[in-house]
Student: 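What follows is a single structure, and I will ask about it in a moment.
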Amino acid sequence: MKKFQMKVPQRTLRCIKRTLPVFIAAALVCVSMPMTAKADSSKVVTLGANLSDKQKASMYEYFGTTADEVDTIEVTNQDERKYMEGIASEAQIGKKTFSCSYVEPTTKGGIQVKVANLTFVTSSMIASTLLTSGVENCNVVAASPTEVSGTGALTGIMMAYESASGEELSEDQKAAATEELVTTGELASDIGQQEASDLMNQVKQEVIEEGLTDEGEISDTVDTAAKKAGVNLTDEQIAQIVSLMQNIAQYDYDVKALKKTLDNLDGKEEGFFSKLVSTFTGFFGGGDDKGGIINSTNDNILGDNAVVDSTLDDIKDKMNSDEADGFFDKVANFFKGIFGGDETEDASSEEEVTPQSEDEPETLDDPEAPISADDDDPLQNGHDGDADDDDPLQNGHDGDAEDGDDDPLQDGHDGDNEDETDTADDLSE
């Protein structure tokens, strides 16, 4: 059996190079989509004990679930006091509990949180403090039918996580997590919520990764992080943060899991290729893995004035902003790098076409082979770009032979001239 060489026109090659990325992207989508059903994971809802029956029903509706589909725990003010007394003020603890949560343990992805109608705490604060409590991977929605501080929300979330995962968290770590939430919230009232959250996350990551326990080293870390963030801290605030971090530093943490969640909270972008896959799977219905239950919430239930934020928002904002540096431009450039695309070629192909007057015949501009005369139009009469007399596509020609008598495709030829020696090596059968 013989190999044969076939001459492929340059236009065909360019067409292949331009369309091949589309087929590869489609293949990525198919590969990335889950092919088998996942095992059901436990999901738990906590409801504030002081909610009315109507409010409780609205929270199920907001979470996108029903009482029959999840386990439910009622959280009382006494439950909140177990961890908050001695850390939070009486005003912060209050006497009633309205905060609710919906928790779904996961096996990867770090901690993703969405909050609604919580004014004192943010999604980033809750996610970071859950790390301190010993949680590594889970999706969380914390909300209330009316605006509340949300200081007690963490208690319900930790209770729900233990119930859903079957994992018992350290009582000391849960207390440290509550202290961190209150400290960050109080700091936020002076320097801003985002600034306070970013500062605490940065300090905690360095303390845990570097194994810092010395008061002086931690103090220097806090001071450096504050200067980098452009915020001014009082001596009392620095001392409070240092004391908290010394408490946190005594526990063992999975540094990789910690970094995953803190990178998410810091808004650091995924690797380009991972983002490419995630984006395509999101377009075609396979993107619900990240965030899980967070994607099922119905914000309309809480009204137009509900205060809502999520740890997923920053990634979405980056994808839709100029900071993304033209995501789909990156996609195009990525594939150009693989398949040898040329930006100059693309620029010439996208030049603006100037409308011609009625008196002038319309011509097809080809940057590689411009044509100026109608009589020489290679596309008339089915030609492929060669002169009429030498048109290799007439009479079924394939472009290799000049004369019809030597047409290699006639009479079942394979593309080589009968009188010429095959340029390829013979293959054994």
Side-chain angles (χ1 to χ4, degrees), residues 83-84 86-94 99 111-133 142 147-154 157 175-210 212 215-249 258-259 261-268 307-315 317-318 321 323:
Y83 300 104
M84 296 184 68
I87 296 175
S89 66
E90 278 296 317
Q92 290 171 331
I93 299 174
S99 298
I111 301 172
Q112 300 290 355
V113 179
K114 180 176 183 177
V115 301
N117 274 339
L118 307 186
T119 59
F120 184 75
V121 299
T122 65
S123 59
S124 179
M125 292 181 195
I126 290 180
S128 185
T129 53
L130 279 175
L131 278 173
T132 301
S133 74
E147 286 192 3
V148 295
S149 67
T151 51
L154 182 63
I157 294 169
T178 303
E179 180 184 357
E180 180 184 343
L181 183 67
V182 174
T183 300
T184 307
E186 291 176 343
L187 185 63
S189 63
D190 291 331
I191 67 174
Q193 288 184 326
Q194 188 63 53
E195 290 77 7
S197 182
D198 289 346
L199 175 65
M200 295 293 282
N201 291 342
Q202 179 63 39
V203 172
K204 181 164 68 174
Q205 182 168 349
E206 289 191 32
V207 166
I208 294 175
E209 287 186 344
E210 302 297 328
L212 304 181
E215 180 179 349
E217 291 181 328
I218 296 177
S219 180
D220 289 341
T221 300
V222 174
D223 186 59
T224 300
K227 289 179 179 178
K228 183 178 179 180
V231 299
N232 296 316
L233 302 178
T234 65
D235 292 340
E236 183 180 355
Q237 288 171 330
I238 293 176
Q240 188 177 15
I241 296 173
V242 170
S243 175
L244 169 65
M245 293 301 163
Q246 282 185 300
N247 185 17
I248 292 175
L258 173 94
K259 192 174 187 309
T261 291
L262 292 183
D263 280 352
N264 287 341
L265 302 184
D266 194 36
K268 293 181 179 178
V307 178
V308 179
D309 83 271
S310 166
T311 55
L312 296 175
D313 288 343
D314 189 70
I315 296 176
D317 290 342
K318 281 183 176 293
S321 69
E323 293 180 27

Student: State, yes or no, whether a side-chain contact exists between Leu312 and Lys114 at a heavy-atom distance under 4.5 Å.
Tutor: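 Side chain of Leu312 against side chain of Lys114, heavy atoms only: no contact under 4.5 Å found.
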Student: Within the distance-only criterion (no hydrogens, no angle test), does the side chain of Lys204 pair as donor or acceptor with the backbone N or O of Ser128 below 3.5 angstrom?
Tutor: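 Checking the backbone N and O of Ser128 against the side chain of Lys204, a donor-acceptor pair under 3.5 Å is found.
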Student: I need the single residue from Leu154, Thr178, Val113 that forms a side-chain contact (heavy atoms from CB on, under 4.5 Å) with Thr129. Which is it?
Tutor: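 Checked Leu154, Thr178, Val113 against Thr129; only one passes side-chain contact (heavy atoms from CB on, under 4.5 Å): Leu154.
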Student: Using 0.5 Å steps for rounding, measure from the CD1 atom of Ile218 to the CD1 atom of Ile238.
Tutor: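 Spacing of CD1 (Ile218) from CD1 (Ile238) equals 13.0 Å.
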Student: Calculate, to the nearest 0.5 Å, the distance between atoms CD1 and CD belonging to Ile126 and Gln112 respectively.
Tutor: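 Result: 13.0 Å between the selected atoms.
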Student: Measuring only between side-chain heavy atoms, which start at C-beta, is Ile87 closer than 4.5 Å to Met84?
Tutor: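 Not in contact.
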Student: For Ser123 and Thr311, work out which heavy atoms get closest and say how close.
Tutor: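 Nearest heavy atoms, Ser123 then Thr311: OG-N, 3.4 Å.
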Student: If you look at every heavy atom in Val207 and Ala249, which pair is closest and at what distance?
Tutor: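 Looks like CG1-CB, 3.8 Å.
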Student: Once rounded to the nearest 0.5 Å, what's the spacing between atom CG of Leu181 and atom CD1 of Ile157?
Tutor: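 Leu181 atom CG to Ile157 atom CD1 measures 8.5 Å (nearest 0.5 Å).
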Student: Quick one: pull up CD in Glu180 and CG in Leu244 and give me the separation to the nearest 0.5 Å.
Tutor: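 Taking CD in Glu180 and CG in Leu244, the distance rounds to 5.5 Å.
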Student: Just to verify, what does Lys227 make a salt bridge (charged side-chain N to carboxylate O under 4.0 Å, His left out) with, not counting sequence neighbours?
Tutor: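 By the salt bridge (charged side-chain N to carboxylate O under 4.0 Å, His left out) rule, Lys227 matches Asp223.
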Student: Could you tell me whether Glu215 atom CD has more than 12 heavy atoms of other residues or ligands within 6.0 Å of it?
Tutor: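 Count not over threshold, so no.
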Student: How far apart are the closest heavy atoms of Ser219 and Val242, and which atoms are they?
Tutor: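 That closest heavy-atom pairing would be CA-CG2, 3.7 Å.
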Student: Does Met200 reach the side chain of Met125, with side-chain heavy atoms less than 4.5 Å apart?
Tutor: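 Of all side-chain heavy-atom pairs linking Met125 with Met200, none is under 4.5 Å.
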Student: Going by side chain to side chain contact (heavy atoms under 4.5 Å, CB included), name the residues that satisfy it together with Gln240, two or more places apart in sequence or in a different chain.
Tutor: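 Here the qualifying residues are Thr183, Glu186.
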Student: Whether the Gln92 and Ser149 side chains hold a donor-acceptor pair (N or O, under 3.5 Å, no angle test) is what I'd like checked.
Tutor: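 No, because no side-chain N or O of Gln92 sits under 3.5 Å from a partner of the opposite role on Ser149.
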Student: Within this structure, what is the OG1-CG distance for the pair Thr132 and Asn247, rounded to the nearest 0.5 Å?
Tutor: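 Thr132 atom OG1 to Asn247 atom CG measures 9.5 Å (nearest 0.5 Å).
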Student: For Leu199 and Leu233, which heavy atoms make the closest approach, and how far apart are they?
Tutor: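 What the structure gives for the nearest pair is CD2-CD1, 3.8 Å.
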Student: Scan side-chain atoms only and decide if Thr122 and Asp309 contain a donor-acceptor pair under the 3.5 Å cut-off.
Tutor: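 Note: Thr122 and Asp309 side chains miss the donor-acceptor criterion.
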Student: Compare all side-chain heavy atoms of Thr234 with those of Asp190 and state whether any distance is below 4.5 angstrom.
Tutor: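 No, too far: nothing below the 4.5 Å cut-off.
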Student: If you round to the nearest 0.5 Å, how far is CG of Leu187 from CD of Gln237?
Tutor: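 Separation between the atoms: 5.5 Å.
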Student: For Thr151 and Phe120, which heavy atoms make the closest approach, and how far apart are they?
Tutor: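 Closest heavy-atom pair between Thr151 and Phe120: CG2-CD2, 3.2 Å.
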Student: Any donor and acceptor pair, going by atom type alone, linking the side chain of Ser243 with main-chain N or O of Ala239 inside 3.5 Å?
Tutor: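 Answer holds: no.
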Student: Please give me the minimum heavy-atom distance between Gly150 and Leu118, naming the atom from each residue.
Tutor: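 For Gly150 versus Leu118, the nearest heavy atoms are CA-CD2, 3.9 Å.
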